[in-house]
Amino acid sequence: MQTRTRSLTLAALCAALTCVIAPWSIVIGPVSLTLGVFGVFFAGAMLPPAMAVASMAVYLCIGAVGLPVFSNMSGGAQMLVGMTGGYLWAYPFMALLLALACRRWAGLAPRLAAVALGQAVCYLLGTAWFMRVSGMGLGQSLAACVLPFILPDFLKGLAAVLLARALQQRLRPAGR
């Protein structure tokens, strides 16, 4: 029971963290640079796979009901079907990929490979949706929605993995 309660509590805290940090954004085009990606990767690095997905699903639901937890203090269901909706829908998949990698491998390199794979999934889903909604072509969409974000998103993933590793060591019960 204690393990389940602990997982649920950590999942709720990861959803709350994402709600608090994701609205802090820098508008650099049709897609904003947001700290939400850090929250996604932190949930993936900190939680078991099912809880990582649940945490990001809770975040999306909180935003869908209208609370301003998405980039630039926005909220509402229209955000999930708007130009950046595909990126938001990728969040549970990104968290799942990293959680699966963290469960299987302790090393930093495989976890960072999972971060990169999570980014690829985000960019694939998000850019495909963006192109459908905006009518922009692939080259323009990649230039506006992917290229400026590759390095910052990877660095957010690296920071999330390192922070989760440090916190997990401190949260481990004594004697383990």
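For reference, positions follow the sequence shown, starting with 1.
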Side-chain polar contacts of residues 32-39 - donor-acceptor pairs under 3.5 angstrom, sequence neighbours left out - could you list them?
| from | atom 1 | to | atom 2 | distance (Å) |
| --- | --- | --- | --- | --- |
| Ser32 | OG | Asn72 | ND2 | 2.7 |
| Thr34 | OG1 | Ala22 | O | 2.6 |
| Thr34 | OG1 | Gly36 | N | 3.0 |

Using the salt bridge (Lys or Arg N to Asp or Glu O under 4.0 Å) rule, collect all pairs that involve residues 139-166, keeping only residues at least two apart or in two chains.
->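 Checked against salt bridge (Lys or Arg N to Asp or Glu O under 4.0 Å) - neighbours excluded - the pairs reaching residues 139-166 are Asp153-Lys156.
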With sequence neighbours left out, which residue pairs that include part of residues 16-45 fulfil the salt bridge (Lys or Arg N to Asp or Glu O under 4.0 Å) condition?
->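 Output for this query is empty, none listed.
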Can you sort out the partners of Leu151 under side-chain contact (heavy atoms from CB on, under 4.5 Å), two or more places apart, ordered by chain and number?
->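 Checked Leu151 against side-chain contact (heavy atoms from CB on, under 4.5 Å); matches are Leu155.
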For Val20, side-chain contact (heavy atoms from CB on, under 4.5 Å) partners two or more places apart =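 Here no residue qualifies.
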Rounded distance [0.5 Å steps], CZ in Phe70 versus CG in Leu60 =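 Phe70 CZ to Leu60 CG: 5.5 Å, rounded to 0.5 Å.
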Listing, residues 76-93 side-chain donor-acceptor contacts under 3.5 Å, not counting sequence neighbours, or none:
| from | atom 1 | to | atom 2 | distance (Å) |
| --- | --- | --- | --- | --- |
| Gln78 | NE2 | Gly75 | O | 2.9 |
| Tyr87 | OH | Thr127 | N | 3.4 |
| Tyr87 | OH | Thr127 | OG1 | 3.0 |
| Trp89 | NE1 | Leu80 | O | 2.8 |

Can you give me every donor-acceptor pair (side chain of residues 42-59, partner residue at least two apart or in another chain, under 3.5 Å) with its distance?
| from | atom 1 | to | atom 2 | distance (Å) |
| --- | --- | --- | --- | --- |
| Ser55 | OG | Ala11 | O | 3.0 |
| Ser55 | OG | Ala15 | N | 3.1 |
| Tyr59 | OH | Val69 | O | 2.9 |

For the student: nearest non-hydrogen atoms of Val31 and Phe149, plus distance |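 For Val31 versus Phe149, the nearest heavy atoms are O-CZ, 3.3 Å.
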Distance-only donor-acceptor pairs under 3.5 Å for side chains of residues 134-141, two or more places apart:
| from | atom 1 | to | atom 2 | distance (Å) |
| --- | --- | --- | --- | --- |
| Ser134 | OG | Phe130 | O | 2.7 |
| Ser134 | OG | Met136 | N | 3.1 |
| Ser141 | OG | Gly137 | O | 2.8 |

same_hphob_cluster(Phe154, Leu124) at 4.5 Å side-chain heavy-atom cutoff |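 No; tracing contacts between hydrophobic side chains, which count when under 4.5 Å, never links both residues.
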Please tabulate, for side-chain N and O atoms in residues 95-118, each donor-acceptor pair with protein atoms closer than 3.5 Å (sequence neighbours left out).
| from | atom 1 | to | atom 2 | distance (Å) |
| --- | --- | --- | --- | --- |
| Arg111 | NE | Trp105 | O | 2.9 |
| Arg111 | NH2 | Cys102 | O | 3.1 |
| Arg111 | NH2 | Trp105 | O | 3.1 |

Taking everything shown except Leu8 itself, do over 12 heavy atoms lie less than 6.0 Å from its CG?
->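 Yes, the 6.0 Å shell around CG holds more than 12 heavy atoms from other groups.
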